[in-house]
Amino acid sequence: MEKLNTPHLLVIGGTGFIGHHLIRVAQLKGWHTTSVSLNSPSEERFVDGIRYLHFDMTDDNLVKKYLVEDFNYVVNLGGYINHQLFQEGGRDLIETHFTTLQNLVEAISRRNLKRFVQIGSSDEYGNAPAPQHENLREQPISPYSLAKVAGTHFLQMLHRTEKFPALILRLFLTYGPGQDASRFLPQIIRGCLDNTEFPTSAGEQYRDFCYVEDTIRAILKALVEPEVEGEVFNVASGEPVSIRTMITKVCSLTGSGKPQFGKVLYRPGENMNLYADIKKIQEMLSWSPQVSLEQGLQKTINWYAEHE
């Protein structure tokens, strides 16, 4: 890996789940790091030595006002996963994601910018057949995934026409300690630790789970690997696991839990088989996941058991 001489890293969404893991690693490396988010970090996610900025990035005047420094590396983790339909407010969701990205690209100086890493989503593939690979045509099935696809094509256009040093990491299901309680796995873990009944779908969907430490390693690789601008890379384990199997594993590891399978309906248009082909990232970024599902689940369960 290229030696970085105290780079200035900008993380959009540094107070989020993946973002706070990333800035912890950056802080340990001694990097000069700035985090931008809408709100202050929670006490659990606060990292000493990080410069925190809080403002609405949909306001281009605020973005230009606060992001005046030269950044060497930018990681855009902004925005939240949201599966709402277009008629339920999807237009605002699309505009928020895409406007934020345009404001960011327009505001940041390119003078010393070495790499811009956009965090995409496996949802960009929609109902494309599994295992999904990066050469498939995207098939967004929600305003959120459409916004992500728009961001991908926007940055690839900028690379082709202006040599903008962007690449896209298309994350599948990253999990680990500190994930928001509203997400799938934390809900299952909490239900099992409390030994309560909790509703789930029938669990026939196949998904691809990647431990957060592995995701962070992929981001770090993406920042410094030469000659990969304009590319899209899947970040995943490459191993399909059914939702029912995941729930059963958590029940087994905790020794408790009463899942009510079939009580939650599948989402409209939901892809029942969403798992990645990861050959491209293995070959071009020399990255492969290192934490097994059992190891990652046990670490995650231990964290939630200690943070009741």
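Just so we're clear, the structure is a prediction, and the values are computed from it rather than from any experiment. Side-chain atoms are counted along with the backbone in the values below, which use heavy atoms only and exclude waters and symmetry mates.
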Just by modelled atom types, is the [Y] backbone N or O under 3.5 Å from a matching donor or acceptor in the [X] side chain?
X: Asp208; Y: Ala236; value: no
X: Asn72; Y: His8; value: yes
X: Asn195; Y: Gly257; value: yes
X: Glu44; Y: Gly178; value: no
X: Asp277; Y: Pro131; value: no
X: Asn273; Y: Tyr206; value: no
X: His20; Y: Phe17; value: yes

Hey, does [Y] have a side-chain heavy atom less than 4.5 Å from the side chain of [X]?
X: Arg170; Y: Val232; result: yes
X: Pro259; Y: Ile188; result: no
X: Gln27; Y: Ile50; result: yes

Any chain of hydrophobic side-chain contacts (each under 4.5 Å) joining [X] to [Y]?
X: Phe198; Y: Leu193; result: yes
X: Leu67; Y: Leu101; result: yes
X: Tyr73; Y: Leu167; result: yes
X: Leu113; Y: Met57; result: yes

Notebook entry, point to check: Would Glu134 and Ile168 count as a side-chain contact (heavy atoms from CB on, under 4.5 Å) if you check the C-alpha gap in whole Å, the side-chain angles of each, and the deciding distance to 0.1 Å?
Noted result: CA-CA 10 Å; Glu134 295 87 347; Ile168 296 88; over 6 Å; no

Item checked: Working for side-chain contact (heavy atoms from CB on, under 4.5 Å), residues Ile141 and Asp123 -> CA-CA 7 Å; Ile141 54 174; Asp123 280 358; 5.8 Å; no

Note to self: So, applying side chain to side chain contact (heavy atoms under 4.5 Å, CB included) with Asn76, which one of Leu104, Leu10, Ile119, Leu169 is it?
What the structure shows: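 The residue from Leu104, Leu10, Ile119, Leu169 that satisfies side chain to side chain contact (heavy atoms under 4.5 Å, CB included) with Asn76 turns out to be Leu104.
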
Distance-minimising heavy-atom pair for [X] and [Y]:
X: Asn271; Y: Gln132; value: ND2-NE2, 3.5 Å
X: Leu136; Y: Pro129; value: CD1-O, 3.9 Å
X: Ser121; Y: Lys148; value: CB-CG, 4.2 Å
X: Asn127; Y: Gln139; value: C-OE1, 3.8 Å
X: Glu227; Y: Arg115; value: N-NH2, 4.3 Å
X: Leu62; Y: Asp56; value: CD1-O, 4.0 Å

Checklist line | Pair Glu306, Asn302: side-chain N/O donor-acceptor within cut-off below 3.5 Å | finding: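 Side chains of Glu306 and Asn302: no pair found under 3.5 Å.
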
Notebook entry, point to check: Does a donor on one side chain sit under 3.5 Å from an acceptor on the other, for Glu138 and Thr152?
Noted result: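 No, no side-chain donor-acceptor pair sits under 3.5 Å.
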
Contacts of type side chain to side chain donor-acceptor pair (under 3.5 Å), residue [X], not counting sequence neighbours:
X: Asp214; answer: Arg217
X: Arg110; answer: Glu162
X: Glu231; answer: Lys280
X: Thr174; answer: Thr215

With sequence neighbours left out, write down each residue that passes salt bridge (Lys or Arg N to Asp or Glu O under 4.0 Å) with [X], or none if nothing qualifies.
X: Glu197; answer: none
X: Asp180; answer: Arg45
X: Arg160; answer: none

Note to self: Can you tell me how far apart CE (Met284) and NZ (Lys221) are? Round to the nearest 0.5 Å.
What the structure shows: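 Rounded to the nearest 0.5 Å, the CE-NZ separation comes to 13.0 Å.
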
Notebook entry, point to check: Does anything in residues 81-98 pair up under salt bridge (charged side-chain N to carboxylate O under 4.0 Å, His left out), and if so which pairs, sequence neighbours excluded?
Noted result: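 Residue pairs passing salt bridge (charged side-chain N to carboxylate O under 4.0 Å, His left out), neighbours aside: Arg91-Glu95.
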
Next item on the list: Check the angle between the aromatic planes of Phe209 and Phe184 and answer parallel, tilted or perpendicular using the 30° and 60° thresholds.
Entry: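 Phe209 and Phe184: tilted rings.
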
Next item on the list: Enumerate the residue pairs fulfilling ring-ring contact (aromatic ring centres under 6.0 Å, His included) with a member in residues 99-134, sequence neighbours excluded, ordered by first and then second residue.
Entry: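 Residue pairs with at least one partner in residues 99-134: Phe116-Phe164.
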
Notebook entry, point to check: Which pairs count as ring-ring contact (aromatic ring centres under 6.0 Å, His included) when at least one residue sits in residues 210-256, sequence neighbours excluded?
Noted result: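 Pairs touching residues 210-256 that pass the test: Tyr175-Tyr211.
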
Check: Listed by chain and number, what are the ring pair (Phe, Tyr, Trp, His ring centres under 6.0 Å) partners of Phe46, not counting sequence neighbours?
Finding: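 Checked Phe46 against ring pair (Phe, Tyr, Trp, His ring centres under 6.0 Å); matches are Tyr52.
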
Next item on the list: Verify side-chain contact (heavy atoms from CB on, under 4.5 Å) between Ile219 and Val235, making sure each step is shown before the conclusion.
Entry: CA-CA 9 Å; Ile219 293 172; Val235 179; over 6 Å; no

Next item on the list: Could you please spell out the steps behind the side-chain contact (heavy atoms from CB on, under 4.5 Å) verdict for Val117 and Leu77?
Entry: CA-CA 9 Å; Val117 175; Leu77 281 152; over 6 Å; no

Could you tabulate the donor-acceptor pairs under 3.5 Å formed by side-chain atoms of residues 238-248, not counting sequence neighbours?
unit_1	atom_1	unit_2	atom_2	d
Ser242	OG	Thr245	N	3.0
Ser242	OG	Thr245	OG1	2.7
Arg244	NH1	Ala202	O	3.2
Thr248	OG1	Arg244	O	2.9

